[in-house]
Amino acid sequence: MKGRPTSVFAKYKKDKRYKEYYREASDMLDIAIKLSESRKKRGLTQAQLAKKAGMPQSQIARVESGNSNVTLSTVQKILSVLDKKLEIA
């Protein structure tokens with residue numbers, strides 16, 4: 001059947017551009033989840049983290065959603081408040 005999600009996915013998973021987009025989106029989501037988990041472990045709300053990082057709470061929400069492009073500067077500010085470091089494996 002045309003248009004079924006499985007057939008559409010099968011078609012696109014062979015596409016190089018789709019694979020790259022999927023990898024990038026997956027990486028962003030991983031970062032978002034890790035930042036959110038770290039914030040919660042520290043017992044901070046988004047508003048508290050935002051205030052300490054010097055940015056609006058809405059920016060923390062966008063970062064944690066994984067749906068926005070995040071600058072390295074923003075990630076570094078958040079990591080600094082959370083006493084974390086960026087490691088590249």
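These figures come from a predicted structure and were not determined experimentally.
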Please examine the side chains of Val75 and Val63, heavy atoms only from C-beta on, and report whether any two atoms are closer than 4.5 Å.
no
Mind checking what makes salt bridge (charged side-chain N to carboxylate O under 4.0 Å, His left out) contact with Asp30, not counting sequence neighbours?
none
If every non-hydrogen atom of Leu35 is compared with every non-hydrogen atom of Leu82, which pair is closest and at what distance?
O-CD1, 4.1 Å
Applied to residues 80-89, the side-chain hydrogen bond (donor to acceptor under 3.5 Å, both in side chains) test, sequence neighbours excluded, yields Arg42-Asp83
What pairs meet the side-chain hydrogen bond (donor to acceptor under 3.5 Å, both in side chains) rule with one or both residues in residues 62-71, with sequence neighbours excluded?
Arg39-Glu64, Gln46-Glu64, Thr71-Thr74
For residues 47-54, which side-chain N or O atoms pair as donor and acceptor with protein atoms under 3.5 Å away, sequence neighbours left out?
from	atom 1	to	atom 2	distance (Å)
Gln48	OE1	Thr45	N	2.8
Gln48	OE1	Thr45	OG1	3.4

To the nearest 0.5 Å, atom OG of Ser38 lies from atom CD1 of Ile78 at 10.5 Å
When Ile, Leu, Val, Met, Phe, Trp and Tyr are grouped by side-chain heavy atoms lying under 4.5 Å apart, directly or through other members, which residues fall in the same group as Leu29?
Ile33
For a side chain to side chain contact (heavy atoms under 4.5 Å, CB included) check, start with the C-alpha distance between Met55 and Ile60, then their side-chain angles and the critical distance, and finish with the verdict.
CA-CA 8 Å; Met55 60 185 68; Ile60 300 295; 3.6 Å; yes
